[in-house]
Amino acid sequence: MTVRPNVQSAILGFPRIGPKRELKAALEAHWAGRMSADDLLATTADLRARTWRKQRELGANIIPSNDFSLYDHVLDTSAMVGALPTLYGQETEQVALKTYFATARGSQGEHEATCGCGHGAAPGGEGVPAAEMTKWFDTNYHYIVPEFTENQTFRLTSTKALDEYLEAKALGIETRPVLLGPVSYLLLGKARNADFDPLSLLPQLLPVYAEVLRSLARAGATWVQMDEPCLVTDLNDEAREAYRLAYRVLTDVVPPTKVMLTTYFGGLGDNLETVLWLPIDGLHIDLTRAPEQLDAVLADARPDLVLSLGVIDGRNIWKADLNAILDRLEPVIDRGRTVILAPSCSLLHTPIDLERETTLDPEVKDWLAFAVQKIAELEILTRALNQGRESVREILDAASASVACRAASPRIHDPVVQARTADRTQMQTRRSSSFEVRRAAQVRRLNLPAWPTTTIGSFPQTPAVRKARADHGKGVIDAGAYEAFLREETARTIRWQEEIGLDVLVHGEFERNDMVQYFGEQLSGFTFTRNAWVQSYGSRCVRPPIIYGDVSRPLPMTVEWWRYAQSLTDKPMKGMLTGPVTILNWSFVRDDQPRSETCRQIAFAIRDEVLDLEAAGAPIIQIDEAALREGLPLRRSDWQAYLGWAVECFRITASGVADHTQIHTHMCYSEFNDIIRSIGEMDADVISIETSRSKMELLDAFSDYRYPAEIGPGVYDIHSPRVPAVEDISALLKAAAERLPADRLWVNPDCGLKTRSWPETEAALVNMVTAARAARA
Ligand SMILES: Nc1nc2c(c(=O)[nH]1)N[C@@H](CNc1ccc(C(=O)N[C@@H](CCC(=O)N[C@@H](CCC(=O)N[C@@H](CCC(=O)O)C(=O)O)C(=O)O)C(=O)O)cc1)CN2
Ligand SMILES: [Zn+2]
């Protein structure tokens with residue numbers, strides 16, 4: 001007798017911002033004092049209800065709760081276990097909304113009134129600085145870094161997980177609550193003002209998790225999802241031991257709740273054995289990033305371990321080839337094991353609904369699946385496994401046809417582009433002279449003072465700038481009026497930079513919606529969306545462009561704006577570009593060729609732009625590589641391969657210019673030690689980096705390595721509206737000069753100023769110029 005399989009589908013998490021960015025609007029209204037806390041919470045309850053119903057409607061069997069967050073799920077975990085720095089509030093019971101947002105954004109001061117940006121701190125003295133924020137693994141999502149003290153204690157200070165489980169239940173929807181697992185939580189945090197390993201806090205942390213599990217079990221939850229993405233990273237024995245301790249304790253909780261341990265963003269690799277010995281009830285593995293791990297897991301997993309297979313890509317937007325997935329799954333099902341199908345990870349990193357894209361080219365649209373469409377794909381897969389492929393034959397064949405059309409489409413192949421990247425022997429990826437020779441030519445041409453001052457590119461993207469662009473998009477104002485507006489903003493910004501005495505000017509980037517999307521919109525092989533927003537942090541979102549085909553640059557992209565800007569001043573005007581690695585890492589990338597190949601194509605397109613800017617007369621060209629480091633693979637063994645092609649791509653963009661053209665690059669992250677050699681190999685003439693928060697300590701990497709070129713260590717923390725005093729900046733310049741030769745140093749902020757307001761920007765940059773002049777004297 002054959003037993004009919006009972007495969008279920010599960011969702012690990014759904015985007016929180018809402019199909020129309022309702023969460024963003026509500027949060028920003030609340031922060032600006034235009035919406036009460038009660039109304040904010042009512043709006044979010046409504047969003048959650050709609051999200052749960054939608055997933056049920058789409059046929060998902062296992063629906064998550066507590067995947068929603070008002071700001072960030074790591075911050076939610078800190079709130080749950082009583083680990084918000086005491087500085088941010090002294091609640092003894094539930095963490096108040098005010099404390100929660102104060103941790104995320106700094107406590108309120110004049111900041112909220114002037115800026116309304118998603119992240120930032122109040123001016124010193126009144127209130128508290130925002131907690132640190134950093135990248136969530138290799139995504140463009142950012143989390144609030146937990147900070148622990150040496151004598152940290154934990155206690156339950158938020159019942160959010162239980163509340164949201166009950167909220168769904170009251171709507172008649174049974175959910176599987178999601179928690180960030182205790183080991184990943186500690187590994188993602190850091191020790192504050194002391195040198196100890198956060199993992200040492202695990203024994204104190206576990207009772208709080210146990211309490212949460214008990215409360216969920218009592219409320220009726222049969223399963224909980226424990227996210228442990230750190231299991232796909234390099235772990236030492238101590239971390240593996242922490243996993244053993246944690247899951248021994250948490251699976252022993254009475255009344256019992258079954259634990260589905262979820263791993264994603266890669267394969268378990270050398271952590272597999274540890275995981276398979278844990279007394280967990282279910283294991284989720286990522287089969288899109290690491291398809292090869294299926295066989296190993298099947299071979300060694302306990303027969304009663306429920307396997308959740310991440311077969312639909314949660315990190316990309318391509319329609320899946322359902323027949324191909326079934327070919328792999330059917331033999332697994334035949335073995336009689338309990339199997340659940342799921343996306344590879346939370347759908348947080350995908351846009352919500354493709355149906356809202358009414359202006360996408362129909363051919364390309366047919367190749368895509370956003371969160372809603374991915375859930376529908378899972379439903380078809382489970383139906384095919386439970387009732388046979390025949391029951392959904394037409395849908396399966398249509399999916400395979402879409403995938404085949406995409407593979408064969410003439411739109412994705414451009415022989416000219418392919419010939420150009422293939423012929424690498426012809427390609428000169430090195431500048432013709434050494435840095436010292438170039439430097440002499442650049443000194444003669446630019447004639448800059450010591451401690452030259454500049455900014456990173458963008459100036460405030462004020463509501464007026466955004467509105468003008470939106471109005472132009474809606475046809476409320478025509479192209480002429482929009483352009484006139486942008487020219488006026490640009491001209492005013494240039495006049496102002498001259499007045500305060502900056503040495504190297506920028507045009508302000510007012511014409512750009514985003515540093516990646518702006519270029520994506522002008523390159524062939526890219527398409528872009530209207531509503532496909534993805535959360536980056538808090539209320540801030542991005543619309544990553546979609547790279548579907550071979551990339552080329554039909555027309556110059558920035559030359560006219562540069563030419564206009566330079567015509568207004570005798571000071572050197574920087575040409576501003578986003579580099580190929582950053583464009584790649586912040587886009588949805590085609591999955592039919594190696595990422596390195598796509599990156600190389602973008603590099604050639606940017607190289608064309610660099611050469612056009614040079615021909616137009618640009619003396620300095622900045623190629624931002626803000627995301628070069630975040631693209632680092634999660635496993636160290638994969639770093640060299642990535643860095644090899646990433647650095648080569650940067651050099652393709654920059655190597656065609658003459659000695660006297662100065663190439664700048666910018667990186668806004670704060671860890672350089674482990675990749676300093678690769679940064680050196682990029683061979684830029686000047687690099688600007690984020691350093692102000694670390695008080696220049698990060699420069700040690702550059703000084704130990706004897707970095708050969710010029711450096712602009714940030715002296716103004718643009719993530720905070722706090723205006724640095726002249727003395728603060730002078731102290732930073734002094735600290736920089738203690739580490740590096742003073743004649744190699746530039747003076748600039750940490751990053752672009754787009755999220756700041758004008759009053760802060762003006763005051764801070766005036767102080768920066770004053771400090772630079774003092775340094776010269
Ligand atoms: N892609 C990317 N990733 C990045 C960064 C970055 O700059 N770009 N920086 C780091 C930090 N991450 C960030 C991510 C987003 C934003 C940000 O400011 N996002 C804006 C949207 C930027 C944008 O695309 N703006 C568009 C659309 C603006 C908009 O929402 N318009 C309204 C209408 C506005 C009006 O009528 O007034 C609409 O379309 O509905 C534009 O300016 O044209 C936001 O969420 O508010 C900042 C930093 C790391 N990752
Ligand atoms: Zn930056």
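Start at 1 and go down the list; that is how both ligands and their atoms are numbered. For the numbers below, each heavy atom of this structure counts, side chains included, while hydrogens, waters and symmetry mates do not. In this text, all values refer to a predicted model and were calculated from it rather than measured experimentally.
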Visitor: How many protein atoms of type N/O/S are positioned less than 2.8 Å from the Zn ion (ligand 2)?
Guide: 3
Visitor: Between the side chains of H664 and Q662, does any donor sit under 3.5 Å from an acceptor?
Guide: yes
Visitor: For atom 12 (N) of ligand 1, what's the nearest protein heavy-atom neighbour? Residue, atom name and distance, please.
Guide: S536 OG, 3.2 Å
Visitor: Which of these, K474, H719, R540, has its nearest heavy atom closest to atom 18 (O) of ligand 1?
Guide: R540
Visitor: Centres of the F672 and F702 rings: under 6.0 Å?
Guide: yes
Visitor: Among all protein heavy atoms in this structure, tell me which lies nearest to atom 6 (C) of ligand 1, with the distance rounded to 0.1 Å.
Guide: D514 OD1, 3.6 Å
Visitor: Which atoms of ligand 1 sit under 4.0 Å from any heavy atom of R543?
Guide: 24 (O), 26 (C), 27 (C)
Visitor: Is there a polar contact, in the sense of an N or O pair closer than 3.5 Å, between W533 and ligand 1?
Guide: no
Visitor: Specify side chain, backbone, both or neither for K135, according to which of its non-hydrogen atoms lie closer than 4.0 Å to ligand 1.
Guide: side chain
Visitor: Is a salt bridge present between E609 and R553, judged by a nitrogen-to-oxygen distance below 4.0 Å?
Guide: yes
Visitor: Just need the protein heavy atom nearest to atom 34 (C) of ligand 1, so name the residue and atom and give the distance.
Guide: A470 CB, 4.0 Å
Visitor: Got I718 and I456 here, is their nearest side-chain heavy-atom distance under 4.5 Å?
Guide: no
Visitor: For R50, is there an ion pair with E22 - N to carboxylate O distance below 4.0 angstrom?
Guide: yes
Visitor: For Y537, is at least one N or O under 3.5 Å away from an N or O on ligand 1?
Guide: no
Visitor: Determine whether T139 and F265 make a side-chain contact, defined as any pair of heavy atoms from C-beta on separated by less than 4.5 Å.
Guide: yes
Visitor: Are F588 and H349 near enough that their ring centres are under 6.0 Å apart?
Guide: no
Visitor: Using the six-membered ring of Y482, assess whether NZ or CZ of R469 lies under 6.0 Å from its centre and within 45 degrees of the ring axis.
Guide: no
Visitor: Is there a side-chain contact between K365 and D361, using heavy atoms and a 4.5 Å cut-off?
Guide: no
Visitor: So is V542 polar-close to ligand 1, meaning N/O to N/O under 3.5 Å?
Guide: no
Visitor: So is K24 close enough to ligand 1, meaning a heavy atom under 4.0 angstrom away?
Guide: yes
Visitor: On the 0 to 90° scale, with breaks at 30° and 60°, tag the W645-Y642 ring pair as parallel, tilted or perpendicular.
Guide: perpendicular
Visitor: Checking R48 against F68: charged group under 6.0 Å from the ring centre and within 45 degrees of the axis?
Guide: yes
Visitor: So between T755, N513, V465, whose heavy atom ends up nearest atom 23 (C) of ligand 1?
Guide: N513
Visitor: Are R487 and Y564 in a cation-pi contact, defined as NZ or CZ under 6.0 Å from the six-membered ring centre and within 45° of the axis?
Guide: yes
Visitor: Checking a contact table here: which protein heavy atom is nearest atom 50 (N) of ligand 1, and how many Å away?
Guide: N140 OD1, 2.8 Å
Visitor: May I ask you to list the atoms of ligand 1 that are less than 4.0 angstrom from any heavy atom of H142?
Guide: 49 (C)
Visitor: So which of Q461, M133, R466 gets nearest to atom 20 (C) of ligand 1, if we judge by its closest heavy atom?
Guide: R466
Visitor: Show me which atoms of ligand 1 lie under 4.0 Å from any heavy atom of K754.
Guide: 6 (C), 7 (O)
Visitor: Is any NZ, NE, NH1 or NH2 atom of the basic residue among R739 and D700 found under 4.0 Å from an Asp or Glu carboxylate oxygen of the other?
Guide: yes
Visitor: What protein heavy atom sits nearest atom 19 (N) of ligand 1, and how far away is it?
Guide: C541 O, 3.1 Å
Visitor: Distance to 0.1 Å, residue and atom name: give those for the protein heavy atom nearest to atom 39 (O) of ligand 1.
Guide: R21 NH2, 3.7 Å
Visitor: For the pair D76 and S69, evaluate side-chain hydrogen bond (donor to acceptor under 3.5 Å, both in side chains) and give the outcome as yes or no after the intermediate values.
Guide: CA-CA 7 Å; D76 292 347; S69 178; 2.8 Å; yes
Visitor: Classify the contact between Y141 and ligand 1 as side chain, backbone, both or neither, using a heavy-atom distance cut-off of under 4.0 Å.
Guide: neither
Visitor: Aromatic rings W758 and F459: how do their planes relate, parallel, tilted or perpendicular, breaks at 30° and 60°?
Guide: parallel
Visitor: Verify the distance criterion only: is there a donor paired with an acceptor across the side chains of Y537 and N140 at less than 3.5 Å?
Guide: no
Visitor: Are side-chain heavy atoms of Q517 and V542 found at a separation under 4.5 Å?
Guide: no
Visitor: Counting only nitrogen or oxygen atoms and a 3.5 angstrom limit, does E28 reach ligand 1?
Guide: no
Visitor: For ligand 1, which atoms have a heavy atom of K467 less than 4.0 angstrom away?
Guide: 37 (O)
Visitor: Would you mind listing which atoms of ligand 1 come within a distance below 4.0 Å of any non-hydrogen atom of R469?
Guide: 41 (C), 42 (O), 43 (O)
Visitor: With nothing but distance in play, are any N or O atoms of W586 less than 3.5 Å from an N or O of ligand 1?
Guide: no
